[in-house]
Enquirer: 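Sending over a structure as C-alpha cells; questions will come in a sec.
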Amino acid sequence: MNVIKSRKILLLVTHDYGGAGELVYKISKIFRDQGHEVVILVKKKTKHEDYIVEFLTSPVKRKSLYTKFLEKTVNRKKKLKLDSKYHFYSKNETLITIEPEKVISAIGFIPDYIFSGWTADFMNSSDLLLLQKYSNAQVFTITIDMNHFTGGCHYAWDCKQYITGGCTENCPAIVSPFHKETAKINFETKLKNAREGNFKIISGSDWVQKQALSSIIYKNQDQILNINSLIDTTIMKPEGKKRAKDYFNLDENKFYILVGATYDNELRKGFNYFLESLKILYNELDSIERSRIIVLMISSNTNNKRVFKEIPFEIKHLGYIKDYSLLSKLYQAVDVYVNSSIEDSGPMMVSEALACGTPVVGFDMGIVNSMVITGYNGYRAVLKDSKDLANGIKLIYRLSPLDYENYSKNAVSQVQKFSSFEYGTSVLQTLFE
C-alpha cells in the first residue's frame with residue numbers, strides 16, 4: 001500500500017526486549033517499511049538498531065498545581081505493599097519524570113504521532129500529556145495489558161472498578177493500610193490526562209480490546225483497532241516437523257507437549273491447572289499411550305523441583321530460549337503447545353506456535369479467545385477447567401495424521417489472516433488515512 005505522506009513517529013517502551021518490547025519493535029518495523037521516520041525511546045536498550053534510543057528519566061521540579069495537590073494527599077514515606085497477582089507497577093501517575101525539550105533533542109524531531117506501550121518505571125500518563133502538549137502529536141496508547149485504563153494494575157482479575165466508576169480506596173491490589181488512595185489518584189490522573197491530551201488506544205488482542213471498550217477512560221472512543229500480537233511470519237513459519245524434530249534429537253514416534261513454565265509459580269499463568277490436566281490425561285490413557293507422551297518445558301526457573309516431580313509423564317527441561325529462529329524450530333518440532341494462562345492479555349507464544357503450524361490448546365481467554373478455534377486449529381478449553389484442558393490435549397493427541405495436517409495448515413492460515421505483519425500493516429495504515 002502506498003504511503004501518501006511520511007510521518008514522524010515516536011514509540012515509547014521501557015525496554016526493547018520481552019513481549020512488550022518485541023511488540024513495539026514489530027510495530028516500528030511496519031512503520032519504517034511504510035516510509036515513516038521512526039524512533040523508539042527506551043529506558044534499557046539491547047538491540048543494535050540506531051533508531052532505538054536509550055533515554056534516562058528522573059523526577060523533575062516542574063509540576064502542575066493539580067499534580068502538587070494530588071501528591072500532598074498521599075503519604076509517600078510509608079511503603080506501598082501490594083498483592084503481586086495484580087502486577088501493580090504504576091505507583092505514581094502524578095510524578096513528572098521528563099522534560100519534553102530533552103526528549104525532542106534525544107529523538108531529533110518533533111513527532112506527529114506518539115505510541116506508548118509498556119512504560120512502567122520509565123514514563124507515565126503525565127509525562128505523555130506533557131509530550132503531547134509540547135509536540136501537538138496524536139497519542140496512541142497500546143494495550144499490551146490493562147494498565148493504560150486502570151489505576152495501576154496490569155491485570156485486574158475480577159475487579160471491575162475501571163468499568164463501573166473508577167478505581168477507589170478499596171483497590172484489592174493494595175494490601176497495606178497506607179496508600180489506599182493511590183489507585184484512585186492514579187485513575188483520576190490517567191482519565192484527566194487521556195481526555196485533555198485526546199489519547200486514543202490500540203488493542204493488542206481481542207480480549208483486551210473488549211476490556212478497553214468497557215473501560216471508563218476509553219469507552220467513548222469511536223473505534224479501537226486491534227493489532228492482535230503481530231507475528232513475523234518470515235521467522236515463525238512451518239518448515240517441516242520431521243526436520244525440526246531431528247534438529248532437537250526428538251523421537252519422531254513420540255508426542256511432544258510444549259509448555260512455557262518460566263513463571264510456573266505465578267498465579268495468572270495457571271500452571272497448577274496444567275499440572276492437574278496432565279494427571280487427568282494420564283489416568284485416561286493406557287500404558288502404551290502414556291509412554292508416547294513427553295512434556296517439553298521452556299523455563300529459566302529450575303528451583304521448583306516439586307512441580308516438575310508431580311508431572312506424570314516423561315519430562316525434558318530446555319531452559320529459556322531467546323533466539324527466535326531457534327524458538328521457531330522448537331514450535332515446529334513439538335506436536336502441541338499448551339497455554340494454561342487464566343489471566344493474560346496474550347501470550348504471544350500462542351500465535352507464534354500457530355504460525356509454525358503447531359496446534360494450540362488453552363483456556364478461553366487472552367489471545368486464545370481470538371486465535372484458537374476448537375476443531376479447526378486447536379482447542380479452546382473452559383476457563384480454569386483442568387478436565388476440559390485435558391480433553392483438548394487428548395483431542396490433538398488422537399488426531400489422525402490427515403486431520404493433524406489440516407489443523408496445522410489452519411493454524412498457519414489463522415495467523416496469516418489475523419496476526420501477521422501484513423494484517424498489522426493494513427490495520428495501522430488506517431491511522432493515517
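A quick note: this is a predicted structure, and the numbers were derived from the prediction, not measured.
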Enquirer: Which atom names give the shortest non-hydrogen contact between Cys356 and Ser328, and what distance separates them?
Expert: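 Shortest heavy-atom separation between Cys356 and Ser328 comes out as SG-OG, 3.5 Å.
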Enquirer: What's the spacing between Ile40 CD1 and Lys45 NZ if we round to 0.5 Å?
Expert: 9.5 Å
Enquirer: Quick check: does any side chain N or O of Gln132 sit under 3.5 Å from a backbone N or O of Val139, one acting as donor and the other as acceptor?
Expert: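 Absent.
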Enquirer: Tell me which one of Lys190, Lys192, Lys184 satisfies salt bridge (charged side-chain N to carboxylate O under 4.0 Å, His left out) with Glu188.
Expert: Lys184
Enquirer: Side-chain donor-acceptor pair under 3.5 Å between Thr46 and Asp16, yes or no?
Expert: yes
Enquirer: With rounding to the nearest 0.5 Å, note down the distance linking CD1 in Ile202 to CD1 in Ile142.
Expert: 5.5 Å
Enquirer: For Lys254 and Asp335: C-alpha separation, side-chain torsions, deciding distance, then whether salt bridge (charged side-chain N to carboxylate O under 4.0 Å, His left out) applies.
Expert: CA-CA 9 Å; Lys254 299 288 187 179; Asp335 298 284; over 6 Å; no
Enquirer: So, Phe31 versus Tyr113, ring centres under 6.0 angstrom or not?
Expert: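 No; Tyr113 has its ring centre 6.0 Å or more from that of Phe31.
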Enquirer: Atom OG of Ser126 and atom CG of Leu131: how far apart are they, to the nearest 0.5 Å?
Expert: 11.5 Å
Enquirer: Determine the minimum heavy-atom distance between Ser203 and Thr143, stating which atoms define it.
Expert: CA-OG1, 3.0 Å
Enquirer: Using modelled atom types only, decide if a donor and an acceptor are shared between the side chain of Thr358 and the backbone of Tyr331 within a distance under 3.5 Å.
Expert: yes
Enquirer: Specify whether Phe149 and Tyr218 have parallel, tilted or perpendicular ring planes, treating 30° as the upper limit for parallel and 60° as the lower limit for perpendicular.
Expert: perpendicular
Enquirer: Counting heavy atoms not belonging to Asp50, are there more than 12 under 6.0 Å from its CG?
Expert: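 Atom CG in Asp50 is not packed in, count stays at 12 or less.
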Enquirer: If we ignore hydrogens and angles and just use 3.5 Å, is the side chain of Thr119 paired with the main-chain N or O of Phe122 as donor and acceptor?
Expert: no
Enquirer: Can you tell me if Trp118 and Asn147 form a side-chain donor-acceptor pair at under 3.5 Å?
Expert: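 Their side chains do not contain a donor-acceptor pair, so the 3.5 Å distance test is not met.
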Enquirer: From Leu128 CG over to Thr141 OG1, what is the distance, rounded to the nearest 0.5 angstrom?
Expert: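 Rounded to the nearest 0.5 Å, the CG-OG1 separation comes to 8.0 Å.
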Enquirer: Do you see a donor-acceptor pair shorter than 3.5 Å between the side chains of Ser90 and Asn186?
Expert: no
Enquirer: Rounded to the nearest 0.5 Å, how far does CG of Leu354 lie from CD1 of Ile231?
Expert: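 The CD1 atom of Ile231 sits 9.0 Å away from the CG atom of Leu354.
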Enquirer: Measuring from atom CD1 of Ile235 to atom NZ of Lys329, what distance do you get when rounded to the nearest 0.5 angstrom?
Expert: 11.0 Å
Enquirer: Do the side-chain N and O atoms of Tyr379 and Asp388 include a donor-acceptor pair separated by under 3.5 angstrom?
Expert: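 Tyr379 vs Asp388: donor-acceptor pair found between side chains.
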Enquirer: Evaluate Phe271 against Phe274 for ring pair (Phe, Tyr, Trp, His ring centres under 6.0 Å), listing each step before the verdict.
Expert: CA-CA 5 Å; Phe271 192 79; Phe274 172 68; 5.7 Å; yes
Enquirer: Decide whether a cation-pi geometry holds between Lys47 and Tyr25; the criteria are a distance under 6.0 Å from NZ or CZ to the six-membered ring centre and an angle within 45° of the ring axis.
Expert: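 The answer is yes; both the distance and angle limits are met.
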Enquirer: Quiz question: by atom type and distance under 3.5 Å, do the side chains of Gln429 and Thr425 form a donor-acceptor pair?
Expert: no
Enquirer: Taking all non-hydrogen atoms of both residues, which atom of Gly378 and which atom of Pro359 are closest, and how far apart?
Expert: CA-CB, 4.4 Å
Enquirer: So which atom in Leu12 and which in Met123 form the shortest heavy-atom distance, rounded to 0.1 Å?
Expert: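 Answer, listing the atom of Leu12 first, then Met123: CD1-SD, 3.9 Å.
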Enquirer: May I ask you to check if Arg268 and Tyr155 form a cation-pi contact, with NZ or CZ under 6.0 angstrom from the six-membered ring centre and within 45° of the axis?
Expert: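 Yes - Arg268 lies over the ring of Tyr155, closer than 6.0 Å to its centre and within 45° of its axis.
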Enquirer: Where is the tightest heavy-atom contact between Val53 and Ala106, given as atom of each residue plus distance?
Expert: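 Reported closest heavy-atom pair: CG1-O, 4.1 Å.
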Enquirer: Are Tyr51 and Glu37 packed together at the side-chain level, in the sense that at least one heavy-atom pair is separated by less than 4.5 angstrom?
Expert: no
Enquirer: Which heavy-atom pair separates His36 from Lys5 by the least distance, and what is that distance?
Expert: CE1-O, 3.5 Å
